[in-house]
Amino acid sequence: MANQRVLVIGGGLAGLAAAMKLAELGTPVDLMSLTPVKRSHSVCAQGGINSCNDQTRQLGDSEWKHLDDTVYGGDFLQHQPPVKEMAYAAPKIIDLMDRLGVTFNRTQEGFLDHRRFGGTLYKRTAFAGATTGQQLLYALDEQVRRYEADGLINKYEYWDFLSPIRDDAGVCRGAVAQNLMTMEIRSFAADVVIVASGGPGLVYGRSTMSMVCTGSAVSRCFQQGAKYGNGEFIQVHPTAIPGADKLRLMSESARGEGGRVWVPRKPNDSRAPQDIPTAERYYFLEERYPEYGNLVPRDIATREIFDICVNDGLSVEADRQCVYLDLTHIPRAELDRKLGGILEIYEKFQGVDPRDFPMKIFPAVHYSMGGLWVDYQKSAEGGLEAGSPRNQSTGIPGLYAIGECDYQYHGGNRLGANSLLSCIFSGLFVAPCVQSAMEAQQGSAADQPASLYENARQDKQSEHDALLNQAAGGENPYLLHQELGALMTRAATVVRRNDQLTEAYEKLGELAERSRNCSLSDSGAWTNQNVVFTKALKDMFPIAKSIVRGALNRDECRGAHYKPEFAFSGLESEEPAERHHQAEAWCDRFEKNTEKWLKSSVASWDGENPQIAYEEVDTSLIPPRPRLYGLVGGEVIEQVWAERMARRHGESGNGAPQESSQAAPSTT
Amino acid sequence: MSDHAANGHSDSFEVRILRQDAPGESSYWERHRVEHEPDMNVISVMQRVAARAQSADGKPVAPVAWDCNCLEEVCGACTMVINGQARQACTALVDKLLDEQPAEIELQPMQKFPVLRDLVVDRSRLFRALTRVKGWVPVDGSYDLGPGPRQSRTEQEVAYPLSQCMSCGCCLDACPQYTKIELTPGVDESAADFAARQEQTHDSAFLGAHAISQTVLFNSHPTGKVNAGERLDVLMDEGGLQICGNAQNCVAVCPKEIPLTTSIARAGRATTFRLLERWFEK
C-alpha cells in the first residue's frame with residue numbers, strides 16, 4: 001500500500017537494525033528516541049557477541065549447540081523456535097557487522113578473534129576491545145545515517161513516546177509523543193509501531209543501566225493492553241562498582257585473570273585492606289566452593305556476595321554494602337597487559353588504582369529477561385517462519401516489540417554475549433514480518449480520521465497540563481524514586497522471600513498512590529526534565545508490580561529467580577546405594593517441579609494491578625534437563641537423569657532430536 | 001577514596017551554575033550547596049541539585065537541566081564546561097575537582113553550541129558533520145554476502161581508537177576555529193524551513209576535528225575507501241580542513257584520547273594527493 005510508514009521507538013541496536021532493514025526494503029521509517037540514537041544504552045555492552053564460528057565448528061560446535069547452551073542457561077523457560085532461528089542466524093549477523101566496518105579484534109592472520117564467555121565450552125564470542133556494544137551500535141548508526149541522507153529515515157531524537165494510538169477496533173495506528181526540548185505533544189500516524197526501548201533498570205533506582213532505561217515506553221504499551229512476560233526474571237551481575245549515581249559493571253574477566261574476592265573476618269574492621277593479615281581475611285568463595293573458587297557461576301557468586309553482606313554483616317564498609325575484589329597480588333605489568341581497559345574504568349571513576357588497592361564491588365541489577373510478550377510462528381524446521389506477521393507481534397495488531405524489551409530469547413537467565421545478538425537478530429528479522437503485516441492491513445494509517453490522532457494528542461496534553469498545575473507541597477518525584485529503588489532492590493533481586501515480596505507489593509501500591517501526588521519544582525515550558533521524569537516514575541509502578549507479583553507467585557528456583565525456601569539441595573548421603581536412591585527422589589522432584597512451573601508468566605494490566613496468567617513453553621527441540629552446576633552429587637543426578645531419559649525414549653520409540661547433545665554444565 | 005572532611009574540606013561544598021531558561025534568553029549564575037558524599041561525581045551533584053530544587057540561599061528554584069545517559073563515559077551525552085574545561089560530567093570526580101579548586105565547583109554549558117536550557121545544548125551540527133563526510137561503509141546491503149574483508153591486527157589497532165569517538169564534542173568546544181552558530185527562527189518560518197536553513201548554514205561551517213578523524217577512519221577501511229575521494233573533496237571544500245589552525249587543543253581535551261592531530265595530519269597529506277589527482281584529471 002502506498003505511503004505506509006513504520007514508527008520505531010528506540011534507537012539502540014534493535015531499533016537501528018529494524019530501521020536499517022526496513023529502509024533497505026523500501027519502507028519509510030520514523031525513528032524516535034529519548035536521546036540521540038548514537039548515545040543509546042547498547043554502548044555499555046563490553047564483552048562481545050556470540051555465534052558458532054569456523055574455528056569452534058571444527059571443535060564440534062554447531063548452531064544447534066549454541067541453541068542448547070542458550071536454553072540450558074535460560075533454564076528452559078524460553079520458547080525454543082525463536083532461539084533456534086537466532087542461533088542459526090548468528091554467524092551471518094557477525095559477517096554482516098564485520099562488513100559494516102565494526103573494528104572487531106583480529107588474529108595475527110587477520111581473522112576475527114574470539115574469547116570464551118560463561119555458559120559454553122567454546123570460544124564463540126567476537127569482540128571489539130572492551131566496547132563491543134559501542135562498536136556494533138556505531139556501525140548501525142552509520143548505516144541509518146546513510147538512509148537518513150537518502151530521505152528514507154526520519155529521526156525524532158529527544159522525543160518521549162507517551163502512548164500507542166489504537167483505533168476503535170484496537171489496531172495500533174501510531175503514537176503520541178512529546179518533544180523533550182520544546183515540550184510539544186503531537187501524534188504520529190504509523191501503520192506499524194515497533195517498540196525497541198530496552199530494559200527497565202531505573203525501576204531499581206540504581207543499576208548498570210543507562211538513565212534512559214526507565215521502562216516507560218514498555219509500561220505505556222502494557223497499560224494500553226499489551227502483555228508483559230516473565231517480569232520476575234531480572235539478571236543481577238555479581239561484580240559492579242557501586243557509585244553514588246550508578247552501579248558500573250566490572251567485567252567477569254577480573255576474576256578470570258586471578259582476582260580474589262574477600263571480606264575482613266571481623267565485622268566493621270576499620271583497617272586499610274593491605275594492613276589486614278591473610279589469616280584475618282575471609283576468602284568466602286574459595287572456602288565455600290573449593291573446587292571453583294572465585295570462578296563460580298554468576299548466579300552463585302551474586303548470591304554469596306549478597307549473603308555475606310546482608311546476612312553475615314561482613315560488608316567492607318559499615319554504611320554501604322561491598323566486598324573486596326583483589327588483584328593486588330598480580331604483577332602490575334601482567335594486569336596492564338590483560339586487564340588494562342577495565343582497570344582504567346575503575347581508576348577513572350573511583351580515583352583509586354586497583355593495581356595498588358583492592359576494588360570494592362557489589363552485585364547490581366543488569367538485565368531484564370522479561371519484557372513485552374510477543375508471538376511467533378514456528379516453521380516446519382522448528383525455527384521461525386520468515387516474514388510471518390505474527391513474529392515479534394505484541395498481540396495488538398500493528399504493535400511489535402524487539403530487543404531487550406521483548407521477553408522472548410533469554411528465558412530465566414541470559415548468557416553473556418547473547419544480548420547483542422538477540423537485539424540485532426530481532427531487529428533485522430522483524431522487518432519483513434512488519435511488511436507482511438502492512439500488506440494485510442485493512443486501511444492505512446493515512447486513511448484514519450484526523451480525530452483519532454487529535455483526541456489522542458489532547459488526552460496526553462491534558463494529562464501534561466494537569467501535572468504542571470498540580471498544587472505545590474506534594475511528593476518529590478526524585479525522592480520517591482529513591483524509595484522505589486530501595487524497595488525493589490531489597491525485595492526483588494538476588495534472594496527472594498514470600499513475606500518480603502508480599503510486603504513489597506503492598507508498599508508498591510502505597511508508593512504508586514503517592515506518585516499521583518507529585519508536585520513539580522519546575523513549571524518551565526522548555527526542556528522541563530522534572531515533568532518528564534515524573535511521568536516516567538508513575539509508569540514504573542506497573543512494571544515494578546509485575547516483577548514483584550510474578551516473583552511472589554513463582555514458588556520455585558529457576559534461572560535468576562531464587563527463593564531459598566524452594567531450592568533443591570544436593571545429595572546428603574555418601575553411601576552409593578542411598579545416594580542413588582536420593583538422586584532418583586531428586587529427579588522425581590525435578591520432574592514434578594517442571595510440570596508445575598515450566599511456564600512463562602504473562603501479565604495483563606487491569607488498571608491497578610497486573611493479572612498473571614501462565615503460558616506453556618515450547619520445548620519441542622530440546623527436552624528440559626536439570627541445571628546441576630556446583631551441586632553436591634550432581635554427577636549422580638546427571639547419570640540417573642540420563643538413564644531415565646534413555647528408558648523413556650526407548651519406551652516411546654521417539655528419541656531425542658538427532659543433533660541434540662548433552663552439553664556440559666553451564667557456567668552462567 | 002580520599003575523605004574530604006579528613007583532608008580539611010568541609011562537609012558540603014558550593015556549585016556555581018550558569019543557567020539559562022530557554023534558547024536566546026540571557027544567562028545568569030546560581031549557587032547551590034551540596035552535601036559531600038563519598039565517590040561523588042558531577043552527575044550525582046546534579047541529581048542532588050535536582051532533588052533539592054533550592055538555591056544555596058534557600059530560594060526554591062527549578063531543577064537545573066542537564067544531559068546525560070550512560071554515566072560510564074561511552075555515550076558522550078554529559079559534556080559540560082567544568083571548572084573551565086569541557087569534559088564529561090560522569091568522570092569529573094568531586095574530590096579531584098575540589099582539590100583543583102577548593103570549596104567550589106563551576107559548571108557552564110558547552111560554549112560552541114546553542115543553549116536549549118541550563119546545561120543542555122543543541123549538538124545537531126556535530127552529527128550533521130558525520131553526514132557531510134559520508135561517515136559510513138557503503139555496503140551493498142544487509143543480505144548475507146559472507147564475511148567482510150580480512151584486516152591485519154595492525155589495521156585494527158589503528159582503526160579502533162578512532163572508532164571510539166562518542167561524538168561528545170569536547171574537541172569542538174576547545175577548538176579556537178570552531179565558532180558558535182546560533183540561528184533564531186523567523187517570525188513566519190515553519191519548523192521544517194528553519195531546520196533546512198540551519199542545515200545549510202552548518203554545511204558551510206567548519207567540520208571539526210571529530211569529523212576529520214572519521215574521514216580518516218572510513219578512508220582506511222577496505223570497503224570504506226570506495227568513497228575516499230568524495231570524503232576528501234568535502235575536507236577540501238568550504239568549512240573543511242583548511243580552517244584548522246593547528247592549535248592542538250582537540251587532542252588535549254579528548255576524553256577517549258583519540259589521536260585527533262594525527263588524523264588531521266593524515267587527512268592533510270591525503271588531501272594534497274587528492275588535489276594533485278584532481279589537477280591531473282583536468
Side-chain angles (χ1 to χ4, degrees), chain A residues 20-21 24 35-36 38-41 43-44 92 95-96 98-101 103-108 110-112 128-129 131 134-135 138-139 142-143 145-146 148-149 181 210-212 242-246 248 345 348-352 357 428 476 478-479 521-527 529-530, chain B residues 1-2 21-23 37-41 43-44 47 50-51 53 60 62-63 65 68-77 90-91 93 95-96 116-118 120 123 127 130-131 135-139 141-142 144-148 150-153 156 159-160 163-164 166-167 218 221 223-224:
Chain A
M20 174 184 81
K21 189 72 190 178
E24 183 178 0
T35 180
K38 196 177 174 179
R39 312 205 192 283
S40 302
H41 177 61
V43 295
C44 288
K92 295 169 204 155
D95 281 350
L96 170 63
D98 181 23
R99 283 173 49 229
L100 296 186
T103 54
F104 284 120
N105 278 50
R106 300 280 164 169
T107 64
Q108 56 181 1
F111 295 106
L112 299 194
T131 61
Q134 184 191 42
Q135 298 305 313
Y138 288 3
E142 287 148 15
Q143 295 301 317
R145 187 168 288 109
R146 185 179 171 206
E148 190 189 16
M181 299 302 157
S210 295
M211 302 313 281
V212 292
D245 54 337
K246 180 184 187 182
R248 297 179 179 87
I345 294 178
K348 226 166 191 175
F349 284 97
Q350 299 303 103
V352 173
F357 299 96
L428 295 174
N476 179 328
Y478 302 107
L479 300 182
S521 45
D522 189 353
S523 54
W526 198 277
T527 323
Q529 297 176 332
N530 196 216
Chain B
M1 203 159 66
S2 64
D21 295 342
E37 294 169 41
D39 303 332
M40 275 188 125
N41 57 2
I43 296 290
S44 51
Q47 290 174 338
C68 72
N69 194 30
C70 78
L71 314 191
E72 294 182 9
E73 208 186 64
V74 279
C75 83
C90 61
T91 38
L93 305 182
D95 289 355
K96 283 195 176 168
L116 294 170
R117 184 174 178 184
D118 297 335
V120 181
R123 278 175 279 183
F127 289 111
L130 301 179
T131 309
W136 50 74
V137 175
V139 291
S142 71
D144 178 25
L145 301 172
R150 222 152 108 184
Q151 288 178 65
S152 72
R153 201 176 254 182
Q156 192 272 346
Y160 180 67
S163 71
Q164 280 189 297
M166 55 186 185
S167 303
F218 290 104
H221 185 271
T223 315

Could you tell me which of B/C90, B/S152, B/G146, B/G224 has the largest number of non-hydrogen atom pairs under 4.5 Å with chain A? B/G146
When B/A50, B/C75, B/A62 are compared by non-hydrogen pairs under 4.5 Å with chain A, the top option: B/C75
Does a side-chain heavy-atom distance below 4.5 Å link A/Q135 with B/S163? yes
Within the side chain of A/R146, is there an N or O that forms a donor-acceptor pair under 3.5 Å with the backbone of B/V139? yes
Is the backbone of B/S167 close enough, under 3.5 Å, to the side chain of A/R39 for a donor and an acceptor to pair up by distance? yes
In terms of heavy-atom pairs under 4.5 Å with chain A, the winner among B/P147, B/S44, B/C68 is B/P147
Partners passing side-chain contact (heavy atoms from CB on, under 4.5 Å) against B/A159 (at least two apart in sequence or in another chain): A/T103, B/L217
With distance as the sole test, does A/D95 use its side chain to make a donor-acceptor pair with the main-chain N or O of B/G148 at under 3.5 Å? no
Heavy-atom pairs under 4.5 Å with chain B - which of A/P36, A/G129, A/G524 has more of them than the others? A/G129
Region of A/Y138 in contact with chain B, defined by heavy-atom distances below 4.5 Å: side chain
Apply ring pair (Phe, Tyr, Trp, His ring centres under 6.0 Å) to A/Y478 and list each qualifying residue two or more places apart in sequence or on a separate chain. A/F533
Is it the side chain or the backbone of B/Q47 that comes within 4.5 Å of chain A heavy atoms, both, or neither? side chain
Short question: side chain of A/Q143, backbone of B/V137 - any donor-acceptor pair under 3.5 Å? yes
Check for a donor-acceptor pair, side chain of A/D522 on one end and backbone N or O of A/N530 on the other, with a separation under 3.5 Å. no
Most heavy-atom pairs under 4.5 angstrom with chain A, which of B/D21, B/L145, B/T223? B/L145
Is A/L100 close to chain B through its backbone or its side chain, or both, or neither, when contacts mean heavy atoms under 4.5 Å? both
Between B/A53, B/G141, B/P38, B/P60, which residue shows the highest count of heavy-atom pairs closer than 4.5 Å to chain A? B/G141
Of the listed residues (B/Q164, B/E37, B/M40), which shares the most heavy-atom pairs with chain A below a 4.5 Å separation? B/Q164
Does any heavy atom of chain A fall under 4.5 Å from the side chain of B/V120, the backbone, both, or neither of them? side chain
With a 4.5 angstrom heavy-atom cut-off, is it the side chain or the backbone of B/L93 that approaches chain A, or both, or neither? side chain
Give, as side chain, backbone, both or neither, the part of B/F127 having an atom under 4.5 angstrom from any heavy atom of chain A. both
Engaged part of A/S40 at the chain B interface, taking heavy atoms whose separation is under 4.5 Å: backbone
B/D144 side chain vs A/K92 backbone, donor-acceptor pair below 3.5 Å: no
Pair count under 4.5 Å, heavy atoms only, with chain B: among A/H41, A/Q108, A/M20, highest is A/Q108
Do the side chain of A/W526 and the main chain of B/R117 share a donor and acceptor less than 3.5 angstrom apart? no
